[in-house]
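Some notes on the structure that comes next.
The chain is numbered in sequence order, starting from 1.
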Amino acid sequence: MEKNSNTQNISVIGGGSWATALAKILSENNKVSWWIRNPEDVRHLKTYNNNPRYLSSIEFNLKKVKPSTDLKKVVQEGSIIILGVPAAFFQEATADLKAEDFENKIVVSAIKGMIPNENILISEYLQKKYKVAIGNQCIIAGPCHSEEIALEKRSYLTIGGNAARAQKVADVLSCRYVKTSVIDDLYGIEYCAIMKNIIAIACGVARGLGYGDNFQAVLVSNAMQEIKRFIEAVHPMKGRDFGASAYLGDLLVTSYSQFSRNRTLGTMVGQGYSVKAAQMDMKMVAEGYYAVKSIYEVNKKYNVSMPVTRAVYNILYEKISPMVEIKILEEAMK
């Protein structure tokens, strides 16, 4: 389905590249209330029709898109709320919201990370903090990079969650260059979206160390099995197809694409940058940095074999040599 004749008002929360791309997609056939924290960015958008910090080539029709710094008002205006704030900053960004702000709304996570320290999914946090029932939640999965949305390249999105609500979200996200589908696996897609960023960091590290395509293909193949083992341990589900684009496709594009910020972070670390220096140089959030610590902590309960995750954790948090960790992976993989 590529056209939605029923115009709705959708709220987008976040001013980064992915939130900007989602605002573009949604504005094709809907009205968008868009919360951005920085007042200067909002003023710029209202004056020049583009986000000055991210995907500035996109020109927004301000008759369809209303940028604002008033979070409560933006949330109030939308029947569907799409969350695009990085997980590490989500608690702070939404601190002033209350459970009643989300009543009778479909709440959609476009976030590819976990709540730090608490080590819980965004969906779990929404249930715990804002009483948003899991049946009223959805998650957006790729494979889909924001940079290609800006160029209007043919892209695909999968919406996970309750079938009826996921279809409503799929309808508003469907447009001439985005094809959507739905799947009844919110938790599986959410965990996979988190873990693919960890794997992308590992791929970047290997690339930075000089490993080639042959090694990366084996790394990604082993990593997919690792993701499968972990998700089936944490949230088992019959009939889950890890070969589908929402799982394998999202992993592949994040592991291989030049646009992947997690792969970029890994590449820089593999080339000898400190983690802090790489993060400062990128000026963008690589969700995998925070996610690997959360997944590592969660897995202490399940004790799943996760050599790639362990290697990334050791490199980023234990400051073990990338060369040493990738060498260990090289010997362990098949």
Quiz item: Hey, are R176 and E152 close enough for a salt bridge, meaning a charged N less than 4.0 Å from a carboxylate O?
Solution: yes
Quiz item: Do L55 and S146 pass the side chain to side chain contact (heavy atoms under 4.5 Å, CB included) test, and can you show the C-alpha distance, the side-chain angles, and the key distance before you say yes or no?
Solution: CA-CA 8 Å; L55 304 182; S146 56; 3.8 Å; yes
Self-check item: K228 atom NZ: more than 12 heavy-atom contacts under 6.0 Å
Solution: no
Quiz item: Can you get from V218 to M195 by hopping between Ile, Leu, Val, Met, Phe, Trp and Tyr side chains that sit under 4.5 Å apart?
Solution: yes
Quiz item: Sub-3.5 Å donor-acceptor pair from the side chain of N30 to the main-chain atoms of V172, do we have one?
Solution: yes
Quiz prompt | Verify same cluster id: M224, L252 (apolar side-chain graph, 4.5 Å) | solution = yes
Self-check item: Minimum heavy-atom distance V220-C203, with the two atoms named
Solution: CG2-SG, 3.6 Å
Quiz item: Can D213 and R207 be counted as an ion pair, charged N to O under 4.0 angstrom?
Solution: yes
Quiz item: When rounded to the nearest 0.5 angstrom, what is the spacing between CG in L157 and OG in S181?
Solution: 8.5 Å
Quiz item: Any side-chain donor-acceptor pair under 3.5 Å between N9 and S33?
Solution: yes
Practice problem: Write down the atom of L209, the atom of P322, and the distance for their closest heavy-atom approach. | Solution: CD1-O, 3.7 Å
Quiz item: For the hydrophobic clusters of this structure (ILVMFWY residues joined by side-chain heavy atoms under 4.5 Å, transitively), does one cluster hold both L22 and V107?
Solution: no
Exercise. Could you tell me whether a side-chain N or O of R229 sits under 3.5 Å from a main-chain N or O of S305, the two making a donor and an acceptor?
Key: yes
Exercise. Verify the neighbour count for atom CD of E118: are there more than 12 heavy atoms of other residues, nucleotides or ligands below 6.0 Å?
Key: yes
Self-check item: Beyond-backbone contact of K131 with E103, side-chain heavy atoms, under 4.5 angstrom
Solution: no
Quiz item: Taking everything shown except M323 itself, do over 12 heavy atoms lie less than 6.0 Å from its CE?
Solution: no
Quiz item: Ignoring hydrogens and geometry, is there a side-chain-to-backbone donor-acceptor pair from S17 to Y54 under 3.5 Å?
Solution: no
Quiz prompt | W18 side chain to A110 backbone, donor-acceptor under 3.5 Å | solution = yes
Quiz prompt | Of D41, V12, V32, L62, the residue whose pairing with P67 passes side chain to side chain contact (heavy atoms under 4.5 Å, CB included) | solution = L62
Self-check item: Closest contact, heavy atoms only, S27 versus V65
Solution: CB-CG2, 3.6 Å
Quiz prompt | Centroid-centroid distance, Y317 to Y289, less than 6.0 Å | solution = yes
Quiz item: Same cluster for V253 and I199 if Ile/Leu/Val/Met/Phe/Trp/Tyr side chains link at under 4.5 Å?
Solution: no
Practice problem: Search all heavy atoms of G188 against all heavy atoms of I231 and return the closest pair with its distance. | Solution: O-CD1, 3.5 Å
Quiz prompt | Verdict with reasoning, N299 to T309, per side chain to side chain contact (heavy atoms under 4.5 Å, CB included) | solution = CA-CA 10 Å; N299 192 45; T309 299; over 6 Å; no
Practice problem: Please work out whether the ring planes of Y130 and F102 are parallel, tilted or perpendicular, with thresholds of 30° and 60°. | Solution: tilted
Quiz prompt | Shortest non-hydrogen contact between G135 and N162, atoms and distance | solution = O-CB, 3.6 Å
Quiz item: Any salt bridge between K72 and D101, counting N to O under 4.0 Å?
Solution: yes
Practice problem: Please check if the side chain of K105 supplies one atom and the backbone of Q76 the other of a donor-acceptor pair under 3.5 Å. | Solution: yes
Quiz item: For the side chain of E148 and the backbone of H145, is there at least one donor-acceptor N/O pair under 3.5 Å apart?
Solution: no
Self-check item: Check: Q8/S79 side-chain N/O donor and acceptor closer than 3.5 Å
Solution: yes
Quiz item: Can you check whether V298 reaches F230 side chain to side chain, under 4.5 Å on heavy atoms?
Solution: yes
Exercise. For H44 and N51, test the side chains for any donor-to-acceptor distance below 3.5 angstrom and give the result as yes or no.
Key: no
Exercise. Give the C-alpha distance, both sets of side-chain angles, the deciding distance and a yes or no for side chain to side chain contact (heavy atoms under 4.5 Å, CB included) between L173 and L26.
Key: CA-CA 6 Å; L173 284 165; L26 291 161; 3.6 Å; yes
Quiz item: In terms of ring plane angle, is the pair Y290 and F89 parallel, tilted or perpendicular, where the classes change at 30° and 60°?
Solution: perpendicular
Self-check item: Exam field: side chain D184 to backbone A163, donor-acceptor pair closer than 3.5 Å
Solution: no
Quiz item: Got a donor-acceptor contact below 3.5 angstrom from the W35 side chain to the T69 backbone?
Solution: yes
Quiz item: Can E287 and N197 be counted as having a side-chain donor-acceptor contact under 3.5 angstrom?
Solution: no
Quiz item: With side chains defined as the heavy atoms from C-beta onward, is the minimum distance between Y177 and K24 less than 4.5 Å?
Solution: yes
Quiz prompt | Closest heavy-atom pair and its distance - A233, P236 | solution = O-CD, 4.1 Å
Quiz prompt | Residues, nucleotides or ligands: over 12 heavy atoms within 6.0 Å of E318 CD | solution = yes
Self-check item: Reported CD1-to-NZ distance for the pair I120 and K128, which is rounded to 0.5 angstrom
Solution: 5.0 Å
Quiz item: Within a reach of under 6.0 Å around CZ of R53, are more than 12 heavy atoms found that belong to other residues, nucleotides or ligands?
Solution: no
Exercise. Answer yes or no: is there a donor N or O on one side and an acceptor on the other, between the side chain of N49 and the main chain of E59, under 3.5 Å?
Key: no
Quiz item: Any donor-acceptor pair under 3.5 Å linking the side chain of R263 with the backbone of S255?
Solution: yes
Quiz prompt | Verdict with supporting geometry, I140 and I159, side chain to side chain contact (heavy atoms under 4.5 Å, CB included) | solution = CA-CA 5 Å; I140 299 174; I159 313 304; 4.0 Å; yes
Quiz item: Regarding E226 and N222, is there a side-chain donor-to-acceptor distance under 3.5 Å anywhere?
Solution: no
Quiz item: Is atom CG of N214 surrounded by more than 12 heavy atoms (other residues, nucleotides or ligands) closer than 6.0 Å?
Solution: no
Quiz item: Looking just at side-chain N and O atoms, do S123 and Q137 make a donor-acceptor pair shorter than 3.5 Å?
Solution: no
Quiz prompt | Rounded distance [0.5 Å steps], OG1 in T267 versus CD1 in I201 | solution = 10.5 Å
Quiz item: Heavy atoms, side chains only, cut-off 4.5 Å: are Y313 and I295 in contact?
Solution: no
Self-check item: Shared hydrophobic cluster for L251 and M114 (ILVMFWY, side-chain gaps under 4.5 Å)
Solution: yes
Self-check item: Sub-4.5 Å side-chain heavy-atom contact between L329 and V308
Solution: yes
Quiz item: So, do V205 and Y211 sit near enough that their side-chain heavy atoms are less than 4.5 Å apart?
Solution: no
Quiz prompt | Atom CG of D70: over 12 foreign heavy atoms under 6.0 Å | solution = yes
Quiz item: In Å and rounded to the nearest 0.5 Å, what is the CD1 to CZ distance from I134 to R165?
Solution: 11.5 Å
